[in-house]
> 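Here's a structure for you.
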There are 2 protein chains.
Amino acid sequence: MSERGRPRTFDRTLALRCAMEVFWARGYEGASMSELTAAMGINSPSLYAAFGSKEALFLEATELYSRTEGADIWLALEEAPTARLAIEQFLCLTAKAYAQTDRPQGCLIALGALHQDSSRGAICDDLRRRRAENHSALQKRLERGVAEGELPADFDCGAAATFFATVQHGMSIQARDGASHAALLATVAGAMAAWKTMAGIVAA
Amino acid sequence: MSERGRPRTFDRTLALRCAMEVFWARGYEGASMSELTAAMGINSPSLYAAFGSKEALFLEATELYSRTEGADIWLALEEAPTARLAIEQFLCLTAKAYAQTDRPQGCLIALGALHQDSSRGAICDDLRRRRAENHSALQKRLERGVAEGELPADFDCGAAATFFATVQHGMSIQARDGASHAALLATVAGAMAAWKTMAGIVAA
DNA sequence: TCTTTTCTGTGTTGATCGATACATAATTCA
DNA sequence: TGAATTATGTATCGATCAACACAGAAAAGA
């Protein structure tokens, strides 16, 4: 915990947030070191001293993204009184977040590194793991709905979680195409229209 | 139509198909010239003589992709007897295509260039235009369903087209995560579960 | 004050990027 | 056959990539 040596002249967390925005807008390999250092307001050696490598910086940036940008969405999923409201809140908050124009559109975790490359397997694996965690969170919330009697016992929580996660991923591409909040809500409405049938048919 | 000069020693169409697969797997900027020339079996000057530039090659590759890989999906959309079957076929054929393991997973047009960059606006614009065309094709098929009395007059064809197009885009990411055919069909089932509600609520 | 430690800015590294110069080979036209 | 034309292979081009060497600057401990 000592502070020997020359102190850092930049805010590490703030610099990380700037890096996150660059990765968010450009993707992992689309973000060049010069673009990153320019956005962070530091020189390349300072970046490497503070974060290790471009790859390590990206992993820290996605971790920050998960903790900040995605927090309210996944919190709402847990705290909504019913599974149906949980999914609806989850999708509506996604639509709201993806439509904001003061930041990159869509999701860093969904779009950050879709093209596998031998040299960046760790990046792809990390994002894939986070997407799998999101799917798991959806599935668990649905299973809670089953346990609480809201959904029928034979409701296929895994398949439903896959569907809603896929809709959210599609919304990232939709947002990248410049979709408005209203257009994203049209997708949400479509996804929620499936709810009644999914829960009902199995129950009937 | 003359054939003056030394004849080309490679099959231009075959080389283009190889380039298409590289772009499909790696994305536009993820595909390097050395990777492209290796896959095409030619040297860099031959590539530039035959196609002009990396950007022009990509545009030709996406055109080939549209005409070949996507053809049956969009043909089924037009030829299905009802709008409902058209959408179902559209999604089922998508699931089948995206799950094939002998080619890259997901859609080249959906995933080819998601990260806007000043130096490749033409690429993004072209793919965005093709995605908009796909949305338009879905909307027109739904409007035909309205005209033919299958769907209520006030059915929101634009919103529904947005929803189904978004589901298809999400399936590209799902496929990139290694989803099986069955997993993709779970998403299709979810999307089709929305149909009854979407058509019914408006009609009621 | 002096040593140690850590950070900063300049400048540069080898590798790779997309794209070509150039000489040669292979074909058509005259 | 010879001139014109086009493709091929080798060998690069300048620019940019991610990453780092190095010397000087700024702090703490002695």
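In this text, all values refer to a predicted model and were calculated from it rather than measured experimentally. Each chain gets a letter, A, B and so on, in the order the sequences are listed, and its residues count up from 1.
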> For the pair Phe90(B) and Trp74(B), name the ring-plane relationship: parallel under 30°, tilted 30 to 60°, perpendicular over 60°.
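Aromatic pair Phe90(B)/Trp74(B) classed tilted.
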
> Base, sugar-phosphate, or nothing for Phe10(B), non-hydrogen atoms under 4.0 angstrom?
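The residue Phe10(B) makes sugar-phosphate contact but no base contact.
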
> Run the side-chain hydrogen bond (donor to acceptor under 3.5 Å, both in side chains) test on Thr162(A) and Gln174(B) for me, step by step, so that the C-alpha distance in whole Å, both residues' side-chain angles and the decisive distance to 0.1 Å come before the verdict.
CA-CA 9 Å; Thr162(A) 296; Gln174(B) 194 185 349; 5.1 Å; no

> Taking only the side-chain nitrogens and oxygens of Tyr48(A), find out if one of them lies under 4.0 Å from OP1 or OP2 of dC20(D).
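No.
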
> Where each residue is assigned the nucleotide of DNA chain D containing its nearest heavy atom, which of Gly5(B) and Ser44(B) is assigned the position nearer the 5′ end?
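Final value for this comparison: Gly5(B).
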
> dA7(D), OP1 or OP2 - any side-chain N/O from Thr9(B) closer than 4.0 Å?
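Indeed not, no polar side-chain atom of Thr9(B) lies that close.
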
> Reckon Pro7(B) touches a base, only the sugar-phosphate, or nothing at all at heavy-atom distances under 4.0 Å?
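Sugar-phosphate only.
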
> What is the nucleic acid contact for Ser34(A), judged by heavy atoms within less than 4.0 Å: base, sugar-phosphate only, or nothing?
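Sugar-phosphate, backbone atoms only, no base.
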
> Hey, is the side chain of Ser32(A) poking within less than 4.0 Å of OP1 or OP2 on dC17(D), counting only N and O atoms?
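True: Ser32(A) side-chain N/O within range (under 4.0 Å) of dC17(D) OP1/OP2.
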
> Indicate the ring-plane relationship of Trp195(A) and Phe164(A), choosing parallel, tilted or perpendicular according to the 30° and 60° boundaries.
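Rings of Trp195(A) and Phe164(A): tilted, 30 to 60°.
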
> Please determine, by modelled atom types, if His169(B) and Arg131(B) share a side-chain donor-acceptor pair under 3.5 angstrom.
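There is no such pair between these side chains.
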
> What integer distance in Å separates Arg4(A):CZ from dA26(D):P?
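After rounding, the reported distance stands at 18 Å.
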
> Looking at dT8(D), dC17(D), dT20(C), which one has an atom nearest to any side-chain atom of Arg6(B)?
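My answer, after comparing the listed nucleotides, is dT8(D).
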
